Protein chains: 2
Amino acid sequence: MQKNKLPTIKEIAKRLNVSVSTVSRALHGHPSIGLVTTMRVQKIAEEIGYEANKSAIHFKERKTYTIGVIIPNLSEPFFSSALSGIEDIAEKHNYNVIIGQSLDNFEREKRIVENMKDHRVDGVLVSLTKDTSTYEHFENLKKYNIPVVFFDRVPARKDINFVACNLLSGMLQAMAKLVKAGHKRIGLINGPAKLAATLQRVEIYFKCLKENNLPIDQDIMVSTSLAKSDNVKAIQKLLALDERPTAVIVFNDYVVLDCIAAVKAAGLEVNKDISFISFANLPIWEYMDTLPLASIEQFAHSQSVIATEYLFKMIDEPGAGYGTDKPYLQHVIDSEMIDYSL
Amino acid sequence: MQKNKLPTIKEIAKRLNVSVSTVSRALHGHPSIGLVTTMRVQKIAEEIGYEANKSAIHFKERKTYTIGVIIPNLSEPFFSSALSGIEDIAEKHNYNVIIGQSLDNFEREKRIVENMKDHRVDGVLVSLTKDTSTYEHFENLKKYNIPVVFFDRVPARKDINFVACNLLSGMLQAMAKLVKAGHKRIGLINGPAKLAATLQRVEIYFKCLKENNLPIDQDIMVSTSLAKSDNVKAIQKLLALDERPTAVIVFNDYVVLDCIAAVKAAGLEVNKDISFISFANLPIWEYMDTLPLASIEQFAHSQSVIATEYLFKMIDEPGAGYGTDKPYLQHVIDSEMIDYSL
DNA sequence: GTAACCTATGCAAACGTTTGCGCAACAACT
DNA sequence: AGTTGTTGCGCAAACGTTTGCATAGGTTAC
């Protein structure tokens, strides 16, 4: 029971006194093998419980039928949801998924890329670390003909394949809603400067203000490191203003959670004294009694599904998406405001 | 750049006019190879960017340095947290992790096991589907010498390796707290009958009642399918009783969320008219203003870490944990009540 | 001077599978 | 009878690496 070797194609060949090539072909239903032989082979294979050794095939075919996924953190619902989507598509293609959590650590990201290359994955999906600003480790994969598709947290360059989410669309919806409700002073609580997401938010914030003919006012723009205490400080700063904003765009739902608590602590009322719009559309809002006016959904699942489909396109049609003759595979999903006030 | 073959050991051998075996040994620092040769080989290897083809090695060594993880659902924080723990340990052992979501579907679970076997993973970690009641698909892995360790949702049998969580300890703490606070009628909102977790809870519920000399009262025991509407019905049923319970043990935190909403809707006050104790210790409580008295933590991360260490023990010492001469690897972690009222 | 022993290297098999090519045997045409 | 075609199968190479065994040349020991 221990080291009893698994049945191989040779075993079958020996039993039937045919060659291994015949067996191999018979098992694949190759037309050049006679019907009787094919049947006999398949019967024996069944009997002794033969199963092809995938390792051998991977080795020979130089494919592993495995894709690698590199994400910052599995514990964020956004990414676990994305991973779910990836797994769904991979399964349809009979592929396996191996994962690596970068934990938002650039060095780890590099190590994981190395590891995936060692493992000869057939493709890689990546959502970047917040510190990633060089991309040699990914470029390196080209040497091994390992295609890469980025999603959500993507490099700021054009010569790549990616799927990302356009925050502007959702934000425009949100801003329209605020303006319609009469808000004229709309603040911003942004994230740490080094995050790409932070830059994005300030850009669309400005665009939205402009679109609605509202002035830019540095006083009502603050930022947080995303630490709880810092989140509280940020909202307190806004609340302390002589002329405080009546609505605030907030970096994400987690920050809003702290803001809401702080507003209550200050004896003010959310959605009356001050309203919030945020990003993420966390499922927990369903259970909260105090929630932002709306949150902007970035469709983790859809993003990852499309990214995975792109990846398989590149795997299946070598050359696709390498920007040589074929164009890069790029897609931007519109974000959407989810209105909680309905 | 496209199909340029990767450098192999042969390549190096040719360049140096030595045999491949010499190269192989030199690269491993084998003592029987002369110092100069070793150096020359390593230098060339470096130069041409040689990297061992892991697929070839996996094939030859009959190992893939990959473990498989089968869990019901990545989107549950419990499991994504568990997966995090698994990945941590796997990384320490230089192993990869491939995942499979059973989506609580028994047939999918079987398919995933098949797939992992095909992929020749070196071991498997499993948390069962709620419908899993037969285990042939796992037993089958023994033929392939693929060790299996179960965690959290484990089979109800003794001849396995597992890590699980003992709900009783946390529950005793909780019950003690309730009794101390003067509660005498302590109800139960349990899950669907077919879940192992449901049976567990009713057992420990009875034990705890007995321990505290409280009577069993079928009237204050209800159950829910875990659907939102059903959760609400369950709590409403209790609230409607002439002599309603003053405290309720609830299947998990998600159910409590609905219960809290229903209590409020009924014009009653949580923690005054009725108190809750639950399971899961979800992180979101931190942000809620109305929360249960306490929730029982089941330590997903610790469970998975220990389970993974067991798995590596089995991988590294063939025979370990197979219950032959060596004992099964089994561990039970005590759950712990996390007191939110402090 | 020859037996015994290192040292450094090469040979070849093995892991399991796929596949291009070749070659029988037989059938079907001229 | 000779050519051509078809059918069914085997041979052997190839994928990249590791490793037991053999061996050549050199040293030491008696």
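In the text below, chain A, chain B and the rest are named by the order of the sequence lines, each starting its count at 1. Being a predicted model, the structure only gives us computed values, none of them experimental.
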**Request:** For B:Ile33, report the nucleic acid contact type (base, sugar-phosphate, nothing); a contact means any heavy atom under 4.0 Å.
**Result:**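 Base contact.
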**Request:** Describe the nucleic acid contact of A:Ser55 in one word from base, sugar-phosphate, nothing, applying a heavy-atom distance below 4.0 Å.
**Result:**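 It contacts nothing in the nucleic acid.
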What is the distance from [atom1] of [X] to [atom2] of [N], rounded to the nearest Å?
X        : N      : atom1 : atom2 : answer
A:Ile9   : D:dA14 : CD1   : C1'   : 15 Å
A:Leu27  : C:dT18 : CG    : P     : 8 Å
B:Lys63  : D:dT17 : NZ    : C1'   : 16 Å
A:His119 : D:dG16 : NE2   : P     : 18 Å
B:Met39  : C:dA8  : CE    : P     : 14 Å
B:His58  : C:dG16 : NE2   : P     : 16 Å
A:Asn53  : C:dA14 : CG    : C1'   : 13 Å

**Message:** Each nucleotide in nucleotides 19-24 of chain C should get exactly one letter: B, S or -. Can you fill that in based on protein heavy atoms under 4.0 Å?
**Reply:** BB----
**Prompt:** Starting at the 5' end of DNA chain C, which residue's closest nucleotide do you reach first, B:Val36 or B:Phe59?
**Reply:**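 Counting from the 5' end, the first nearest nucleotide belongs to B:Val36.
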**Message:** Please determine whether a side-chain nitrogen or oxygen atom of A:Lys54 lies at a distance below 4.0 Å from atom OP1 or OP2 of C:dG16.
**Reply:** no
**Request:** Give a yes/no on whether any side-chain N or O of A:Arg62 is located under 4.0 angstrom from OP1 or OP2 of D:dA14.
**Result:**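 No, no such contact exists.
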**Message:** I'd like to know if A:Arg108 pairs up with B:Glu91 as an ion pair, taking the criterion as any Lys NZ or Arg NE/NH1/NH2 lying under 4.0 Å from an Asp or Glu carboxylate oxygen.
**Reply:** yes
**Prompt:** So does A:Glu109 pair up with A:Arg153, basic N to acidic O under 4.0 Å?
**Reply:**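 A:Arg153 and A:Glu109: not salt-bridged.
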**Prompt:** Would you say the side-chain atoms of B:Asn73 and B:Ser75 include a donor-acceptor pair closer than 3.5 Å?
**Reply:**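 Checked: B:Asn73/B:Ser75 side chains pair up, N/O donor to acceptor below 3.5 Å.
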**Request:** Can you label the angle between the A:Phe106 ring and the A:His137 ring as parallel, tilted or perpendicular, going by 30° and 60°?
**Result:**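 Rings of A:Phe106 and A:His137: perpendicular, as their planes differ by over 60°.
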**Item:** Mutual orientation of the aromatic rings belonging to B:Tyr65 and B:His58 [parallel < 30°, tilted 30-60°, perpendicular > 60°]
**Value:**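 B:Tyr65 vs B:His58 ring planes: tilted.
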**Prompt:** Is any side-chain heavy atom of A:His119 closer than 4.5 Å to a side-chain heavy atom of B:Thr66?
**Reply:**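 In short, these two side chains touch, coming nearer than 4.5 Å.
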**Prompt:** Nearest to the side chain of A:Ile57, which nucleotide is it out of C:dG16, C:dT18, C:dC11?
**Reply:** C:dT18
Going by atom type alone, with no hydrogens or angles, which donor-acceptor pairs under 3.5 Å involve a side-chain atom of residues 41-49 of chain A and a protein atom two or more places apart or on another chain?
| residue | atom | partner | partner atom | Å |
| --- | --- | --- | --- | --- |
| A:Gln42 | NE2 | A:Ala26 | O | 3.3 |
| A:Lys43 | NZ | A:Glu47 | OE2 | 3.2 |

